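Inspection log for the structure reproduced underneath, given as structure tokens.
When a residue number appears, it is its place in the shown sequence, counting from 1. This is a predicted model, so every value here is computed, not measured. Note that ligands are numbered from 1 as they come in the structure, with each ligand's atoms numbered from 1 the same way.
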Amino acid sequence: MESSSAATVSAGPSPGPTPADLLRRLRARGAADPVTHVERVPARPGVPAPWPSWAPPELRTAFARRGVGAPWQHQAQAATLAYEGENVVVATGTASGKSLAYQLPALATLLADPRATVLYLAPTKALAADQLRAVAALELEGVRPACYDGDTPRAEREWIRRHSRFVLTNPDMLHHGVLPGHAQWSGFLRRLAYVVIDECHTYRGVFGSHVAHVLRRLRRQCARFGSTPVFVLASATSGDPSTAAGRLTGLPVTAVTEDASPRGGVTFALWEPPLLPPDSGPSTPVPPQSTGDHDDLQQIRRSALRETADLLADTVAEGVRTLAFVRSRKGAEVVAANARRALDDAVPGLGDRVAAYRGGYLREERRELERALLHGDLLGLASTNALELGVDLVGLDAVLICGYPGTRASLWQQAGRAGRSGQEALAVLVARDDPLDTYLVHHPEAIFGAPVEATVLDPANPYVLAPQLACAAFEAPLTPADLALFGDGAKEAVDQLVAAGALRQRPTGWYWRHRERPEVDLRGEGGAPVCVVESSTGRLLGTVDGGSSHFLLHSGAVYLHQGVSYVVDDLDLVDGCALVHAEEPDWSTHARDVTDLSVVSVRSYVDAGPVGMFLGEVDVTSQVVSYQRRRIATGEVIDTRPLDLPARELRTVAVWFTLSPQSLTLAGVQAADVPGALHAAEHAAIGLLPLMATCDRWDIGGLSTAVHQDTEAPTVFVYDGHPGGAGFAERAYGTASAWLRATRDAIAECGCESGCPSCVQSPKCGNGNNPLSKPDAIRVLDVVLANLPE
Ligand SMILES: [Zn+2]
Ligand SMILES: [Zn+2]
């Protein structure tokens, strides 16, 4: 770090270096150039549009008072479509003003029709609260906007149901509160003109599939009361938003995707931390009693957290307002602490201008940090993606992204924080030591040349459909016409519910048989949720769904809750509760499981000579058997500890491929190396699947074997880690050749000799990453790709 430049930091934002200059200085620090690619994202002027003729002057004046002189073209276009009664999804970048696109038609309708109502749904309470403030600030008469969620006092609820015409809530409240209590909401629902679904790209996977049915239940109740509301959805930039919004709502939805808001130019660099010299090893020596696999033998890259901390210190020293995105809260704290230390070493006191930001702060605390950053009192902030959901912080000079955030959509959302009104900004993606990150920094076309991912959800999942139909039947008996509304598989699910004694069939429809309503958690799955309780106080901190509890709440696990770190003392599976105490160790914990799998049925397959590609149902038995403790700052493995937890069963959807033993022999894979070859290919394939679908590697599992009892051939399975599947394996099957091509290239292009976390090692492997054969994995994938049709 140059102390001369550090000395130039003074109060308030300074003009600072250009992004190109800044990047030149950052990359000149080490011996090897860590930058693998630089992309110039050009500036874009805004395209304003006149106010639509239907927008009343009162509303235009109200927006003008809030600083909105005229809409951008995409806002006007989406608003007019919605006003004319078309369902519309606006899918544009961060800070492109999506809220105006739904506020305009919704509020114009409320002003024109004094009886009409609007329902707004946000994925989080915080976002709903932000939107409430925005709508309330317009001070429109007779709208009476109000939040209705778990925090709303009982005393206010009845007033809101009767008098508010703009109710802001979340899907959970709609599911647990509004729909089962529809009689009390009849007046509101009868007059419902618009349903606004904000941040709709967050409704993906199993959660998204549940929300899709909650919306069908809402439409059913509206129809019973005689209303057909228009749906207006707002999404981050995503692939094929019209199809995703259509799956979510069950309705045809028109997409508006042409972003007409102005954007400053961004210099976007891809950054790969250097390999550490073999003799230096991790900064803290691995203790000799370590049982951590090969971790003391392999080549190690400098950790992305350290690299990001150094970059943050350097940009702050240059007087550049910088936001660093870090995936975990603890990671954000580590980055901020290391950056502060480096700055204080250079100029005592300079470290004070860096802070960490995380979810769980009070609103006032968050606003104070945002204010300090925007005014330049604070120059550097390390944050989790708590910022990603609707919190207003844009116009930074530099954004550092520590580790690929999982999707191109999130990457662009985070990078979109850079660049204030027309000024050039810098964005840097710092690769973590894993296959996907490594692949991406060496394949910039996969970031800059590819459309963002499609949001994947599967409303036909029987594990979602049946409980949702039970909820619907509780709300009102199901009729044959309703079955069409709930889509494919609804009849089978109803028949199952009848057979199970949950529904009774009568001439007028299917009736819920019980007094109590069905217990269905939209966000939980795979068993009853486990309560997390602080032992010393008896305080309930939160719940974790049953499916994840073995991974997250085993004895000794480090559990994060709203930014505070706890250690689990005991997981009581009988009572469904985990006892924890507050403690902040400098390691994280990573559970590992072992898996057995059997094929139940094949849905679809491709017969490609020596290679077969399949999609079907499987039963997976898995058991969490141990966990690793790893140092947060370096990722170094401290030790592996055994666990004694029961095995669990999962029926789900898998994609798998088989190869004939002859084809492997011909490709030069020795029989003894087949297990290592398949295992390595499996790990990398799981690591690369997020390139194709909006999942992360923790949503999916895998299994490979030289002979599987059901396929009778060398086989690699990749399965959805959710009961009934979440659409990920299906997506993998649909994009198999592109997916496995990327997997093959990621392994082949990794600079390591015999496999590392950047290519074929997996952080969640139940077999301690053994056996693995990197060169043979490439041969396996070459055989698959040579035979599989494109
Ligand atoms: Zn490697
Ligand atoms: Zn493994």
Side-chain angles (χ1 to χ4, degrees), residues 32 34 36 272-276 278 291-304 403-404 431-443 551 590-597 620-628 630 635 637 640 654-657 673-689 696-706 708 714-719 721 742-781:
T36 58
E272 183 175 47
L275 283 167
L276 294 171
T291 54
D293 310 329
H294 320 272
D295 297 272
D296 39 354
L297 299 173
Q298 79 194 33
Q299 277 178 299
I300 298 179
R301 282 188 193 282
R302 195 150 188 272
S303 94
Y404 183 60
R432 275 174 314 170
D433 204 3
D434 76 31
L436 185 57
D437 282 32
T438 307
Y439 177 82
L440 288 171
V441 294
H442 291 285
H443 289 262
F551 276 99
H590 304 261
R592 314 208 297 189
D593 66 349
V594 293
T595 301
D596 192 25
L597 183 152
V620 178
T621 308
S622 65
Q623 186 170 22
V624 174
V625 291
S626 63
Y627 69 101
Q628 282 188 340
R630 286 192 222 145
V637 176
T640 302
V655 56
W656 65 94
F657 61 84
D673 295 328
V674 170
L678 298 172
H679 189 200
E682 171 216 321
H683 280 182
I686 292 173
L688 270 291
L689 184 52
D696 67 37
R697 71 187 300 159
W698 305 97
D699 285 327
I700 31 193
L703 181 94
S704 55
T705 166
H708 189 267
T715 310
V716 172
F717 292 91
V718 174
Y719 57 86
T743 304
R744 187 248 173 235
D745 292 348
I747 304 173
E749 289 161 13
C750 187
C752 72
E753 211 163 278
S754 58
C756 72
S758 299
C759 56
V760 298
Q761 295 189 348
S762 164
K764 55 181 282 207
C765 180
N767 295 323
N769 283 303
N770 191 29
L772 288 178
S773 168
K774 175 179 168 177
D776 288 316
I778 299 169
R779 294 188 184 106
V780 162
L781 290 164

key: Atoms named by residue and atom, protein N, O or S, within reach of the Zn ion (ligand 1) (under 2.8 Å)   = C750 SG, C752 SG, C756 SG, C759 SG
query = At what distance, to the nearest 0.5 angstrom, does CG of L703 lie from CG of L597?
reply = 5.5 Å
inquiry  = Nearest 0.5 Å, please: how far is OG in S762 from NE2 in H679?
reply    = 7.5 Å
task = Using the Zn ion (ligand 2) as the apex, give the angle to atoms NE2 (H679) and NE2 (H683), rounded to 10 degrees.
result = 90°
task = Look at the rings of Y439 and H443 and say which category their plane angle falls in: under 30° parallel, 30 to 60° tilted, over 60° perpendicular.
result = parallel
task = Sequence neighbours left out, what passes salt bridge (charged side-chain N to carboxylate O under 4.0 Å, His left out) with E682? Give chain and number order.
result = none
note = Taken in chain and number order and not counting sequence neighbours, the residues that satisfy side-chain hydrogen bond (donor to acceptor under 3.5 Å, both in side chains) with R302 are E307, D310
Qualifying residues under side-chain contact (heavy atoms from CB on, under 4.5 Å), relative to S754, sequence neighbours excluded = none
